[in-house]
There are 2 protein chains.
Amino acid sequence: MTEHSNDHTSQSEHNHSHCIEQALETAESLCAEHGQRLTKVRRRALELIWQSHRPLGAYQLLAKLAEEGFNSAPPTVYRALEFLLSAGLIHKVESMNAYLGCAHADKPHKGYFLICDECQNVMEFDYQDIHKILIDKAATQGFQLRSETIELTGLCSSCQNGDDEGGCK
Amino acid sequence: MTEHSNDHTSQSEHNHSHCIEQALETAESLCAEHGQRLTKVRRRALELIWQSHRPLGAYQLLAKLAEEGFNSAPPTVYRALEFLLSAGLIHKVESMNAYLGCAHADKPHKGYFLICDECQNVMEFDYQDIHKILIDKAATQGFQLRSETIELTGLCSSCQNGDDEGGCK
DNA sequence: AACAAGAATGTTATTTTGTAACATTCTTGT
DNA sequence: ACAAGAATGTTACAAAATAACATTCTTGTT
């Protein structure tokens with residue numbers, strides 16, 4: 001299980017700069033490997049997505065990019081997102097229309113998410129058992145699986161305990 | 001497994017009027033049970049969703065309702081959808097922004113879907129094993145599960161065989 | 001039958017999310 | 001330097017969803 005975002009209150013803004021650095025390094029080498037170009041916008045978009053403690057909407061990202069002098073028209077951000085998605089460097093959380101850094105970009109990645117209804121923090125988990133079960137289940141219907149969207153919501157342990165109430169937005 | 005939509009070509013428009021009747025009867029009795037009102041728009045919306053052979057977008061539904069003299073402003077359809085969703089009579093397919101009749105509205109329902117990339121037909125399946133596994137998996141993280149979005153895409157058997165190519169839109 | 005209260009719907013306007021289409025610029029290999 | 005393709009800029013629009021407030025419809029009660 002990867003704790004993608006933090007469990008701390010907004011007071012003690014945990015900086016997960018290590019995760020971000022790691023993610024960017026992975027991104028660099030993956031792109032190099034595949035002859036893809038991690039341009040300035042793309043790189044910065046990925047960084048901003050990682051810096052966010054919860055999934056980031058396209059237009060939120062666009063605003064941040066605009067602040068830094070990047071072009072502020074929608075295609076800019078959607079192109080960057082498309083690139084990052086197809087490179088497997090981020091996931092889209094369909095039920096939130098938001099985007100999230102992928103912690104296992106180097107491995108074949110199915111994004112399985114636990115999303116807290118209260119604080120919107122997201123945990124990504126990699127669970128091969130489920131993957132296999134789903135493939136089998138689909139196969140029994142003659143269905144050939146291509147992609148999986150698994151988004152679970154509920155209450156994270158912090159929010160069950162009331163730890164983050166009001167402090168986590 | 002419930003074959004929600006048909007496997008036939010557009011030529012032999014399968015009429016699943018039986019499924020629709022069934023769904024509406026279930027809807028009637030569920031609403032009666034819970035003191036909820038299945039009004040004209042709501043009833044007709046549900047019927048139209050069921051009549052569609054694939055998940056129906058809100059605005060597609062709105063257009064159909066408008067044709068029949070219902071009010072044609074967005075809130076009309078979104079209110080109907082909200083009602084049907086919260087009554088468990090339909091599901092939203094998040095990855096398609098589209099809505100689908102629920103075949104097990106009477107039981108506690110988690111909508112698990114197999115969506116064909118080619119013909120967009122959707123099968124809903126009820127798989128308690130997965131449900132249990134997911135609950136357990138979440139619990140090991142102290143996460144209390146509330147809702148599950150499971151949407152699998154790929155190729156249905158017909159489309160793998162090229163059966164429906166061009167005939168299934 | 002009249003009436004109050006709440007549910008449902010009507011209406012207008014706006015927000016949020018995502019694309020289409022075409023022009024320009026940048027990068028890379030020759 | 002230069003051609004070709006990749007990436008980005010620009011303008012306009014489409015698609016999906018909601019806010020806020022007015023009106024009408026139901027239903028239970030007098």
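Please read these numbers as outputs of a predicted model, since none were measured by experiment.
Both A/Tyr99 and B/Arg42 lie near DNA chain C, and the one whose nearest nucleotide falls closer to the 5' end is B/Arg42.
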Please tabulate, for side-chain N and O atoms in residues 58-67 of chain A, each donor-acceptor pair with protein atoms closer than 3.5 Å (sequence neighbours left out).
{"unit_1": "A/Gln60", "atom_1": "OE1", "unit_2": "A/Gly57", "atom_2": "N", "d": "2.7"}

Could you pull out every donor-acceptor pair under 3.5 Å between side chains of residues 30-40 of chain A and any protein atom, sequence neighbours left out?
{"unit_1": "A/His34", "atom_1": "ND1", "unit_2": "A/Leu30", "atom_2": "O", "d": "2.8"}

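Dashed line: the shortest gap from a side-chain N or O of B/Asn97 to OP1 or OP2 of C/dT17 is not under 4.0 Å. OP1 or OP2 of D/dT8 has not a single side-chain nitrogen or oxygen of A/Asn71 nearer than 4.0 Å.
Distance, B/Gln60 CD to D/dA15 C1': 11 Å, rounded to whole Å. If you take CZ of B/Phe83 and C1' of C/dA8, they are 11 Å apart, rounded to a whole angstrom. The interatomic distance linking B/Glu94 (CD) with D/dA17 (C1') rounds to 12 Å, in whole Å. If you measure from atom CG of B/Leu38 to atom P of C/dA7, you get 17 Å, rounded to the nearest angstrom. Straight-line distance from the CG atom of B/Leu65 to the C1' atom of C/dG10: 15 Å, rounded to whole Å. Per the geometry, CG belonging to B/Leu62 stands 12 Å off P belonging to D/dA17, to the nearest Å. Rounded to an integer number of Å, the gap from CG of B/Leu56 to P of D/dA17 is 12 Å. Distance CZ (A/Arg43) to C1' (D/dT8): 19 Å, rounded to an integer number of Å.
Residues satisfying the salt bridge (charged side-chain N to carboxylate O under 4.0 Å, His left out) test with A/Glu68, not counting sequence neighbours, are A/Arg44. Taking the side chain to side chain contact (heavy atoms under 4.5 Å, CB included) definition, one finds that A/Glu25 meets it with nothing, sequence neighbours left out. Remark: A/Phe83 pairs with no residue by the ring pair (Phe, Tyr, Trp, His ring centres under 6.0 Å) rule, at least two apart or across chains. Applying the side chain to side chain contact (heavy atoms under 4.5 Å, CB included) rule to A/Arg79 yields the partners A/Pro75; only residues at least two apart in sequence or on another chain are considered. Considering only residues two or more places apart in sequence or on other chains, A/Glu148 meets the side chain to side chain contact (heavy atoms under 4.5 Å, CB included) condition with A/Lys110, A/Tyr112, A/His131, A/Leu134, A/Leu145, A/Ile150, B/Leu152.
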Could you list, one pair per line, each protein nitrogen or oxygen that sits under 3.5 Å from a nitrogen or oxygen of nucleotides 18-27 of chain D, together with the distance?
{"unit_1": "D/dA20", "atom_1": "N6", "unit_2": "B/Arg79", "atom_2": "NH2", "d": "3.4"}

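Residue A/Lys92 is in sugar-phosphate contact alone, with no base atom involved, counting any heavy-atom pair closer than 4.0 Å across all strands shown. No contact: A/Phe70 has no heavy atom under 4.0 Å from any strand.
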Show me the dot-bracket string of DNA chain D, counting Watson-Crick or G-U pairs under 3.5 Å, with | for pairs to another strand and [ ] for crossing ones.
||||||||||||||||||||||||||||||
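B/Gln160 has its side chain out of reach of B/Glu118: every pair of non-hydrogen atoms, C-beta onward, lies at least 4.5 Å apart.
Transitive grouping of hydrophobic side chains (ILVMFWY, heavy atoms separated by less than 4.5 Å) brings A/Ile20 and A/Val41 into a common cluster.
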